[in-house]
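Quick notes on the structure that follows.
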Number of protein chains: 2
Amino acid sequence: MNQECSCENCELKELFFHNISSNEMMSLCNSRIERNYEKGDYINEQNKPIEDFTYLKSGLVKLFVTNNTGKEQILYFAKPFDFVSLLSVFSHSTYSYSVMCIEESTTCNIPIKEVKRLINENGKFAMGILEKMSTVSDNVIKESLEIRRRNLRGRVAYVLLHFADNIYKNPSFELPINRKEIAEYIGMTTENVIRALTEFRKDGIIKIFGKVIEIVQYDTLKQISEHG
Amino acid sequence: MNQECSCENCELKELFFHNISSNEMMSLCNSRIERNYEKGDYINEQNKPIEDFTYLKSGLVKLFVTNNTGKEQILYFAKPFDFVSLLSVFSHSTYSYSVMCIEESTTCNIPIKEVKRLINENGKFAMGILEKMSTVSDNVIKESLEIRRRNLRGRVAYVLLHFADNIYKNPSFELPINRKEIAEYIGMTTENVIRALTEFRKDGIIKIFGKVIEIVQYDTLKQISEHG
DNA sequence: ATCAGTTTATGATATATATCAACTTGCAAA
DNA sequence: TTTGCAAGTTGATATATATCATAAACTGAT
C-alpha cells in the first residue's frame, strides 16, 4: 500500500504543507481538485460561500471588491506562491473579495473543512498558514498605504514598477490589465491614468505598444514613484 | 499545588485562550506582563524587534506608519478585544507599524516565543489566533477601501460615524485625536478636515465643542458618508 | 471586409483638494 | 499673569484631479 500522491512533486507542497505527515498529506491529496481558468474567469466571488481553500499554481489574478455603487476597487494582484483565498477565510463564511483571473491560471483547491481540521490537529501546519496569512495581509495593507501617499504620476509609476519588479521581473512586459483596471487599483480615473502614461511616453521614460510597456528610464520612473 | 492564575478572571481569556489546558494557561500566565500607558506613549514602534504578543485590555490605540518623507499615515484604531500586535507578528521580526495610545491604556504582554510555542503544540489554539488575525486584517483592509472610495465630506462623515458607532457607541463623544490625525487617517489635509467639520456644524448636522462632537442629524451624516 | 462595441486617447472645462498666509484659541510652563 | 507654542480656523489662491465630449484605434463576431 505504498501509494504515491501526485502532490509529492508539487512545487507548492514545501511552501504550504511542510510539517505534515505523509498520512495527512495523503488525506489532503485525496480531497484536492485542480482547476483551470481562462482570463476573465472568476475563481472566487464576493459574498459567495467559502468552500475551498484555494491556492494559485500558475497564472495571475486580481482581488477586488464591488461596492454598493457598483464600482470595482482592486486591492491586490496575486501571483503563484501567494495565497489566493486566504483573506477572510478564517473569519467569514463568505468571500469578502472577488478573485478573477487576469491571465490563464491553475489553482489547487482543498475543501476548507479539511484544512481547518488539519490546523486543529497540527499546530506546526497551523504556524505555516499563520505565517503565510500574515505575509499576504501585510503586503496588501502596506501596498495600499504606499499608493495612498502618492499623487497621480507617482501612483502610475508605482504600478508600472510593481509589474516590472515584482510580477514579471523584467523592465518590459505585457500589461495583463487595461487602463480602467489600473485606475481601479490606484484610485484615479481612467483618463488620468492614460494621461500620465502618455506623459511618461512623451518624456521618453517608457515606451508603449498597446498593452506592452517597456520601461526605458528605470531610474527616472523610480524617482517619480518616490517623489511624485 | 492548586495554584490560581490571575488570568482566570480575565475577560479576554475566553477570547484568546479558549482551547488551552490549565497547564498551558499556567505557563502563559507566569510569563505575562501587564503594562500601563498614558496617552501619547508608544506601545510598539515601527522597525523595532517584535518581542511580545501584545493585546489591549483597556484603552484605545492608533496604528500608523511613518513613511520616508517623515509623514505619518494612520491605518487603524484598535480598541480592546482587537489584537494589537497582531499584524506582521508572524511574518516579520520587526514591527511594520507603530502603535500609540490615544487614550490611557493597559496591555497584557506575552513573549512572542511562548505564543509561537503554544501554536506549534496546540492546533486549536492556533485556530483561534488565525480567526482573530483574519478578522483584524480584514477590517483594516475593508476600512481602507471604504475610505478610499469617498470624497472629503464622505470621509469625514465616515470617521465621525466610526467613532460614534464602533468605538464609543454613542452619538456624542470626545474625539481622542486631533484634526491632524483625522487627516492622517483619511488621507486629506488638516485644513480640509476642519472645513468639512465646520460645514457639518453650520448645516446643523453636528455640534462641536472643541474635541467633543455631538452628532445631531445622524441620518444626514450617514447619507453624506454613503453618497458624498 | 464590415460592423458594433470596447478600449485608448485627447482637449476643454468644472470641481475638488492642497497650499500658503494670517489669525484666533487653548493650554501649559515659567 | 505672562509667555510661548501647538491646535484650530478661515480666506485667497494654486494645483490636481474629475467630468464631459469627441474621436481614433483596436477587437471580436458575422
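Just so you know, these numbers come straight off a predicted model, no measurement behind them. All chains are named by letter (A, B, ...) in the order of the sequence lines, taking the proteins before the strands, and each is independently numbered beginning at 1.
Atom CZ in B:Arg179 sits about 10 Å away from atom C1' in D:dT9, given to the nearest Å. If you take CG of A:Asn178 and C1' of D:dA25, they are 15 Å apart, rounded to a whole angstrom. For the pair A:Ile194 CD1 and D:dA25 P, the computed distance is 14 Å after rounding to whole Å.
The shortest distance between side-chain heavy atoms of B:Glu214 and B:Phe209 falls below 4.5 Å.
Of the charged side-chain nitrogens involved, at least one lies within less than 4.0 Å of a carboxylate oxygen, so that A:Asp52 and A:Arg35 count as a salt-bridged pair. Electrostatic pairing of A:Lys180 and A:Glu184 counts as a salt bridge here, judged by a charged N lying under 4.0 Å from a carboxylate O. The pair B:Glu199-B:Arg195 fails the salt-bridge criterion, with no side-chain N (NZ, NE, NH1 or NH2) lying under 4.0 Å from an Asp/Glu carboxylate O.
One distance of note links OG1 of A:Thr54 with CD of A:Glu51; it measures 10.0 Å at 0.5 Å rounding. We find the CG-NZ distance between B:Leu197 and B:Lys202 to be 12.0 Å, quoted to the nearest 0.5 Å.
Scanning both residues, A:Arg155 and A:Ile147, for their nearest heavy atoms gives NE-O, 3.0 Å.
Note on B:Thr190: nothing from the nucleic acid sits closer than 4.0 angstrom, heavy atoms only.
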_Each nucleotide in nucleotides 16-24 of chain D should get exactly one letter: B, S or -. Can you fill that in based on protein heavy atoms under 4.0 Å?_
-SBBB----
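Contacts between residues 200-215 of chain A and DNA chain C, defined by a heavy-atom separation under 4.0 Å, are made by A:Arg201, A:Lys211.
Side-chain rings of A:Phe77 and A:Tyr185 approach one another, their centers coming within less than 6.0 Å.
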